[in-house]
Amino acid sequence: MVAARDWQRTKAEAGYACITWPKEWGGGGGASWQSVIFGQEESAFQTPGNPFQIGLGMCVPTVMTVGNQADKERFVRPAVRGEEIWCQLFSEPSGGSDVAAARTRAVKDGDDWVINGQKVWTSGAHYSDFGLLLARTDPDVPKHKGLTMFWIDMKAPGVEVRPIHQMSGASNFNEVYFTDLRIKDSQRVGEVGAGWRTSLVTLMNERLAIGGGGGAGHRSVLKLARDIATLAGPAAKDAGLREKIAEWFVQAEGLKYTRYRTLTALSRGQTPGPESSIGKVVSAALMQDMANTALELEDQFGIISDPKQAPLAGAFQNALMNAPGMRIAGGTDEILRNIIAERVLGLPQDVRLDKDVAFKDVPTGR
Ligand SMILES: Cc1cc2nc3c(=O)[nH]c(=O)nc-3n(C[C@H](O)[C@H](O)[C@H](O)COP(=O)(O)OP(=O)(O)OC[C@H]3O[C@@H](n4cnc5c(N)ncnc54)[C@H](O)[C@@H]3O)c2cc1C
């Protein structure tokens, strides 16, 4: 964590943290293409982990877009410099894909709001200073209309963070419980009842961030296949495997040109639209497929994840553990396909029976 903070501060001081953000907010005042090129160059080096990604990629941009002037002045600079870390408190046991089904309640009490409820899968909540919280402020209107966004202090009384243990052995995300958490009305981000619109600002940033690709690819599997001997010669001679690698090559090229389209849109000052969902839906499945095949090729060596001993420094062992999560985080495959079908291809909408019903009257099955 110390190394990550140092690296972030060093980048901020040189104008390389948040390259596209205005200089007055601690950013680099540069263009999107400069930010993309810096990201590509940085990824070629071993750098400390990035606990700032959720804050700088999603939460702080939401505060910058929708928040009040005092919040911008208070939060943006320290986040850019890596002094404060944020988490995103959207998903709940009753609503992950359906973010608008959030049940965590915020009830007005004088100039305060009192929060009760539970969030889940909150990445980094255990080391975060602040969280962006979506809460239900009016259960008497349809679900999308009764939500409001707030920022909260993660160390305040009434916030309890419980880590979730993952199959990789790590605990990167958490359950977060709120019991009579009292916050000021000035902690509201956007208008009362406008939480759904505000959350869309966060979610579009999230899909762009997750759809970035990277990591070991089909060329690494090809190298592995050339090195591994089977009774019939190098594994790379196997026709079935060659076909798979060719398919991954085609998908990787498609992703590359889709990313170029996004880059072109950004460089023209346009906001990438729902088509950016394609990057994530393809790259997460591609990563999982390649990792499965690579570990089959590595045979018993596939169980070694120590980077000093594992083939290809354990790149595919990590990918195998992370890929299922990537197919869920920031929108599952099915949800992203719905978005592509409805908003890119213009196909008929999914059936949404609860759209015009007051949230309190939506059947819960209980
Ligand atoms: C690694 C990781 C990190 C995460 N970090 C955070 C975080 O920091 N903050 C946060 O708030 N959340 C976070 N999440 C939660 C994530 O956003 C949700 O898990 C995700 O949105 C899916 O919600 P769910 O798990 O409740 O699944 P559900 O919504 O219950 O979905 C269950 C299944 O039903 C399918 N399904 C649901 N609705 C439809 C539909 N309309 N049409 C077709 N199929 C459908 C889904 O595709 C899925 O297969 C994280 C998740 C992961 C895996």
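When a ligand or atom number is given, it counts from 1 through the structure's own listing order. Basis for what follows: all heavy atoms, side chains included, without hydrogens, waters or symmetry-related copies.
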Among [options], closest by any non-hydrogen atom to [atom]:
| atom | options | value |
| --- | --- | --- |
| atom 51 (C) of ligand 1 | S94, A329, G331 | A329 |
| atom 23 (O) of ligand 1 | S91, S97, C59 | S97 |
| atom 40 (C) of ligand 1 | T122, L132, V99, I335 | I335 |

Does any donor atom in the side chain of [X] or [Y] lie under 3.5 Å from an acceptor atom in the other side chain?
| X | Y | result |
| --- | --- | --- |
| E83 | Q8 | no |
| Q288 | R327 | yes |
| E92 | T104 | yes |

Q | Shortest non-hydrogen contact from W248 toward D289 | A |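 Minimum heavy-atom separation between W248 and D289: NE1-OD2, 3.1 Å.
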Q | Shortest non-hydrogen contact between M290 and H218, atoms and distance | A |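 In this case the closest contact between M290 and H218 is SD-N, 3.3 Å.
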Which atoms from ligand 1 have a heavy atom of [X] less than 4.0 Å away?
| X | answer |
| --- | --- |
| F90 | 11 (O) |
| T332 | 22 (C), 46 (C), 47 (O) |
| G325 | 53 (C) |

Q: Compute the shortest N/O to N/O distance between E92 and ligand 1 and return yes if it is under 3.5 Å, no if not.
A: no
Q) Which is it for N172 and ligand 1 at heavy atoms under 4.0 Å: side chain, backbone, both or neither? A)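 It is neither part, as no heavy atom is under 4.0 Å.
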Q. Side chain, backbone, both or neither: which part of N338 has a heavy atom under 4.0 Å from ligand 1?
A.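 The answer is the side chain of N338.
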Q.
Using the rule given for ring-ring contact (aromatic ring centres under 6.0 Å, His included), can you reason through F75 versus W151, listing the C-alpha separation, both sets of side-chain angles and the distance that settles it, and then say yes or no?
A. CA-CA 11 Å; F75 291 119; W151 65 260; 4.8 Å; yes
**Q.** Option from R5, K155, R74 for which salt bridge (charged side-chain N to carboxylate O under 4.0 Å, His left out) with E84 holds
**A.**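 Checked R5, K155, R74 against E84; only one passes salt bridge (charged side-chain N to carboxylate O under 4.0 Å, His left out): R74.
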